[in-house]
4 protein chains.
Amino acid sequence: MTRRRVPKEVRERQMLDAAVATFGRLGYRAASMDGIAERAGVSKPLLYLYLNSKEELFTACIRREAAALAAAVTGAVDAGESPERQLWGGLLGFFTHTADHPDGWAVLYRQARTTGRPFAAEVDVLREGLVEYVAGLFAAAARDAGCDAALVGREVTALAHALVGAAESLADWAGGAPPASGERPEPKDTAATLMDFAWPGLEALLARARTPGTT
Amino acid sequence: MTRRRVPKEVRERQMLDAAVATFGRLGYRAASMDGIAERAGVSKPLLYLYLNSKEELFTACIRREAAALAAAVTGAVDAGESPERQLWGGLLGFFTHTADHPDGWAVLYRQARTTGRPFAAEVDVLREGLVEYVAGLFAAAARDAGCDAALVGREVTALAHALVGAAESLADWAGGAPPASGERPEPKDTAATLMDFAWPGLEALLARARTPGTT
Amino acid sequence: MTRRRVPKEVRERQMLDAAVATFGRLGYRAASMDGIAERAGVSKPLLYLYLNSKEELFTACIRREAAALAAAVTGAVDAGESPERQLWGGLLGFFTHTADHPDGWAVLYRQARTTGRPFAAEVDVLREGLVEYVAGLFAAAARDAGCDAALVGREVTALAHALVGAAESLADWAGGAPPASGERPEPKDTAATLMDFAWPGLEALLARARTPGTT
Amino acid sequence: MTRRRVPKEVRERQMLDAAVATFGRLGYRAASMDGIAERAGVSKPLLYLYLNSKEELFTACIRREAAALAAAVTGAVDAGESPERQLWGGLLGFFTHTADHPDGWAVLYRQARTTGRPFAAEVDVLREGLVEYVAGLFAAAARDAGCDAALVGREVTALAHALVGAAESLADWAGGAPPASGERPEPKDTAATLMDFAWPGLEALLARARTPGTT
DNA sequence: CATGAATGAGAATTCATTCAT
DNA sequence: TATGAATGAATTCTCATTCAT
């Protein structure tokens with residue numbers, strides 16, 4: 001159609017955008033290369049020229065979105081602050097980004113994880129990074145509270161897993177309800193809900209750790 | 001091959017079992033009617049005779065598994081006990097059932113939600129039911145603690161959502177780690193983790209509600 | 001279209017016939033599964049159901065035609081006769097069969113040999129068989145003529161190769177000239193031409209072998 | 001990359017060389033213009049600028065290789081010598097050239113003949129020329145032997161066909177056996193094999209022609 | 001002169017679905 | 001009741017060919 005010459009990077013971004021939107025809504029199998037090409041406004045061969053195959057295209061989507069999400073979380077944290085403030089910042093960054101990029105989030109959380117090993121593994125890398133980061137915050141909070149970090153180590157990791165899972169779930173829920181269901185919750189509110197939900201559990205754990213005799 | 005005359009209901013169950021296993025592992029699109037028929041040990045036309053189409057078959061799977069899960073949760077609760085005990089019972093029932101029926105859980109949580117509106121809606125019904133049930137428990141706890149139920153209503157619902165989301169996430173995580181990762185966590189431990197994580201948050205909320213002046 | 005139920009073997013033969021005709025005329029790459037299915041009067045999926053892939057289909061064609069040609073040659077020979085008579089019979093069988101099955105011959109000689117290793121290897125088996133058979137006849141003729149078989153062994157094999165090559169070439173030539181060029185030569189004449197061409201060379205060789213001092 | 005200004009003719013030769021190598025190894029269909037351009041070290045549009053289309057490119061390859069082969073045969077013959085010496089010279093030239101230019105030979109003999117009418121026709125011109133030349137030699141030999149040329153005319157043509165076919169077949173066989181099979185036969189040996197094989201047949205024919213009463 | 005960027009057309013293969021028995 | 005046989009409709013991917021610079 002439009003034989004417009006467009007710089008490589010722009011074209012590639014157009015294609016990835018279209019792919020993320022399509023994969024995010026339909027899933028890997030149901031998405032067709034035809035559909036993606038059309039949405040990107042390019043011909044199918046061009047799509048293949050840039051991204052080689054459906055599999056590689058999907059992988060490229062996952063990587064791009066994972067990197068963007070990680071950057072959003074990292075960038076929202078001020079490393080000099082208290083663990084609690086850092087967690088708050090990270091959560092806010094997380095919910096803001098996922099709310100702003102629902103298709104990207106769907107690709108990562110909904111689709112990539114249900115489409116078989118190689119893809120799920122890509123996401124696991126991201127996830128492990130987040131879990132470790134949160135666990136680090138919890139450990140710092142433990143130190144600040146005068147607990148033996150080694151003592152609470154295992155439980156801290158479990159809690160970090162639970163928190164990340166809860167965050168994913170909330171992000172999914174917040175983004176999932178489409179226009180119909182009235183207003184979408186603000187990222188700030190979602191973050192507050194989760195903080196209120198989770199932080200007391202952590203403090204209770206630390207309290208127990210300071211009072212020997214309880215497990 | 002086995003020309004055994006089998007009663008209608010048994011046949012149907014065989015087919016649904018095969019379908020749940022196949023859909024749960026491969027997803028809706030990647031699963032083939034051929035594969036399901038073969039796994040069920042019946043011919044494809046018979047599969048169509050009983051279940052009409054791939055779409056209806058998938059829907060039937062979702063409904064059956066959703067009902068089974070709801071029954072498992074409901075059945076594990078003793079309506080006469082305290083909210084905390086009731087929640088504990090429900091969580092235990094939930095984690096036990098999902099651990100025992102990983103394919104069914106995968107169909108509900110992983111596949112149905114990623115395969116487009118009509119199917120996701122089926123699951124949402126189940127989910128809403130659970131959320132409301134949990135919210136009811138929280139409201140009861142609020143009353144028991146002498147709080148104004150109306151006052152905490154909104155927050156209680158948000159918390160219920162978070163808890164259900166966390167439970168789903170934990171169930172998925174507990175079932176997801178295959179043999180490699182050593183032993184799978186016991187449902188009881190998973191439930192305990194979540195209780196420890198979540199209950200303090202609720203109590204903190206109630207405490208705030210009793211002490212006017214804080215949001 | 002015609003949803004006629006046809007016995008398996010008949011269907012398979014229809015498909016192979018169509019495939020041989022198509023591959024023989026267009027070559028492996030230029031032939032399309034669509035075209036073959038249409039010529040066979042079946043749908044493409046059925047073609048795949050029976051023959052799995054283009055590659056397997058081509059292999060099946062080669063094998064069937066190779067077996068048929070080998071049978072035609074073998075069946076035209078009376079094992080009790082003199083080498084010269086046996087060779088005559090074999091050639092006659094060969095030229096008769098190739099003239100009667102030009103597409104099969106084209107598949108074997110023209111297409112299979114130019115379509116890469118795995119296919120060429122199939123034909124080589126046939127070809128080696130024929131060469132060895134002819135070499136055996138030559139050796140028998142040598143013994144009858146009182147020559148030391150071991151002495152002429154190597155030359156006999158080279159001659160056999162040349163003869164088979166000449167036969168292939170003549171068959172191709174005889175079958176290649178289409179209607180335009182007037183009448184096609186009779187297999188008997190082709191066989192006679194080759195006998196006249198080749199037998200004196202063999203006899204000359206044997207004569208040299210009986211008169212030591214020549215190489 | 002190499003922005004060297006290269007004279008037109010050299011460029012064209014580079015392209016034809018690449019095309020011959022590619023077509024000879026892969027065949028017309030399996031060869032891609034992309035591959036040829038890359039092997040030639042030029043861009044695809046340039047390839048099209050010089051040679052217009054895949055079809056024309058293939059035709060140009062055939063013509064160039066056919067001319068080269070004809071020249072090699074013609075140039076190896078001393079027109080003043082006896083028919084037998086001339087035939088020997090021609091065969092030697094033929095086998096030497098085909099051994100030195102395996103890709104060109106593959107294009108002519110293997111690929112062009114299996115890729116449909118228009119291309120096969122190009123080769124037929126070459127082939128007919130060779131056959132007529134050989135038939136002329138045979139006729140001269142007949143005259144030298146005191147035979148009535150008209151009498152043996154038809155048989156002489158058939159023999160010429162057989163000889164050319166045998167030569168082609170031997171060239172193909174000699175060039176086909178790759179490194180594995182040890183040393184490749186020398187052109188001189190191949191020519192000798194064919195001379196030994198063919199000349200006695202011709203002499204026998206002439207002998208019969210001088211002795212009326214035999215057919 | 002030379003090319004990077006782009007596309008229309010087609011090919012192999014798979015799948016949900018349905019007759020005819 | 002139950003099925004072996006059959007197909008229409010996609011889907012992924014490739015290739016010859018051509019603008020725009």
Side-chain angles (χ1 to χ4, degrees), chain A residues 1-8 10-11 29-37 41-57, chain B residues 1-8 11 29-37 41-57, chain C residues 1-8 11 29-37 41-55 57, chain D residues 1-8 11 29-37 41-57:
Chain A
M1 306 276 171
T2 337
R3 272 225 176 193
R4 277 256 312 288
R5 300 277 237 114
V6 171
K8 247 182 157 179
V10 176
R11 266 280 190 268
R29 299 291 298 233
S32 85
M33 293 299 268
D34 258 308
I36 293 170
V42 300
S43 70
K44 229 184 328 170
L46 199 60
L47 189 56
Y48 276 90
L49 192 62
Y50 276 73
L51 288 142
N52 303 318
S53 74
K54 196 182 186 184
E55 230 174 286
E56 280 190 39
L57 174 55
Chain B
M1 298 305 156
T2 339
R3 283 273 180 136
R4 283 259 306 287
R5 291 297 239 96
V6 173
K8 249 186 153 177
R11 266 288 150 83
R29 296 291 297 227
S32 84
M33 294 297 269
D34 259 305
I36 293 170
V42 301
S43 72
K44 237 184 324 172
L46 198 59
L47 187 57
Y48 275 88
L49 191 62
Y50 276 73
L51 288 141
N52 304 316
S53 75
K54 197 184 185 183
E55 234 176 281
E56 282 190 38
L57 173 55
Chain C
M1 306 277 172
T2 337
R3 273 222 175 196
R4 277 255 314 286
R5 300 280 235 110
V6 170
K8 247 182 157 178
R11 265 282 189 269
R29 299 290 298 234
S32 85
M33 294 298 269
D34 258 307
I36 294 170
V42 300
S43 69
K44 230 182 331 169
L46 199 59
L47 190 56
Y48 275 88
L49 192 62
Y50 276 74
L51 287 141
N52 304 318
S53 75
K54 196 181 186 185
E55 231 175 286
L57 174 55
Chain D
M1 299 301 159
T2 339
R3 283 271 181 134
R4 282 261 306 286
R5 292 296 239 97
V6 174
K8 249 186 150 177
R11 265 287 150 82
R29 297 293 295 229
S32 83
M33 293 298 270
D34 259 307
I36 292 169
V42 300
S43 72
K44 237 186 318 174
L46 199 59
L47 187 57
Y48 275 87
L49 190 63
Y50 276 73
L51 287 141
N52 304 316
S53 75
K54 197 183 187 185
E55 234 176 282
E56 282 188 38
L57 174 55

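Only heavy atoms go into these numbers, but all of them, side chains included; no hydrogens, no water, no symmetry mates. Sequence lines set the chain letters: A, B, ... in the order given, protein chains first and strands last, and positions in each chain run from 1. Here the structure is a predicted model, which means the values were calculated and not measured.
In this structure, the CG atom of Leu51(D) is 12 Å from the P atom of dT17(F), given to the nearest Å. Leu47(B) places its CG atom 10 Å from the P atom of dT17(E), with the value rounded to the nearest Å. Look at NZ on Lys8(C): it is 9 Å from C1' on dG4(F), rounded to the nearest Å. Residue Glu56(B) contributes atom CD, which lies 15 Å from atom P of dA16(E) at whole-angstrom precision.
Here the CG-CZ distance, from Leu51(C) to Arg11(C), works out to 12.5 Å after rounding to the nearest 0.5 Å.
Residues forming a side-chain contact (heavy atoms from CB on, under 4.5 Å) with Ser32(C) (at least two apart in sequence, or on another chain): Asp34(C). In this structure Asn52(D) satisfies the side-chain contact (heavy atoms from CB on, under 4.5 Å) test together with Glu56(D), sequence neighbours excluded. Legend: residues meeting side-chain contact (heavy atoms from CB on, under 4.5 Å) with Tyr48(A), ordered by chain and number and at least two apart, are Met33(A), Lys44(A).
Of the two residues contacting DNA chain F, namely Leu46(B) and Asn52(A), the nearest-nucleotide position lying further toward the 5' end is that of Leu46(B). For the pair Pro7(A) and Glu55(C), both in contact range of DNA chain E, the more 5′-proximal nearest nucleotide belongs to Pro7(A).
OP1 or OP2 of dA6(F) sits under 4.0 Å from a side-chain N or O of Tyr50(C). Phosphate proximity of dC1(E) to Arg11(D): absent, as no side-chain N or O sits under 4.0 Å from OP1 or OP2.
When each of dA16(E), dA5(E), dC13(F) is scored by its nearest atom to the side-chain atoms of Tyr48(A), the top-ranked nucleotide is dC13(F).
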Dot-bracket for DNA chain F, 5' to 3', counting Watson-Crick or G-U wobble pairs under 3.5 Å, with [ ] for crossing pairs and | for inter-strand pairs?
.||||||||||||||||||||
Report, one pair per line, the protein and nucleotides 9-11 of chain E atoms (nitrogen or oxygen only) whose separation is under 3.5 Å.
none

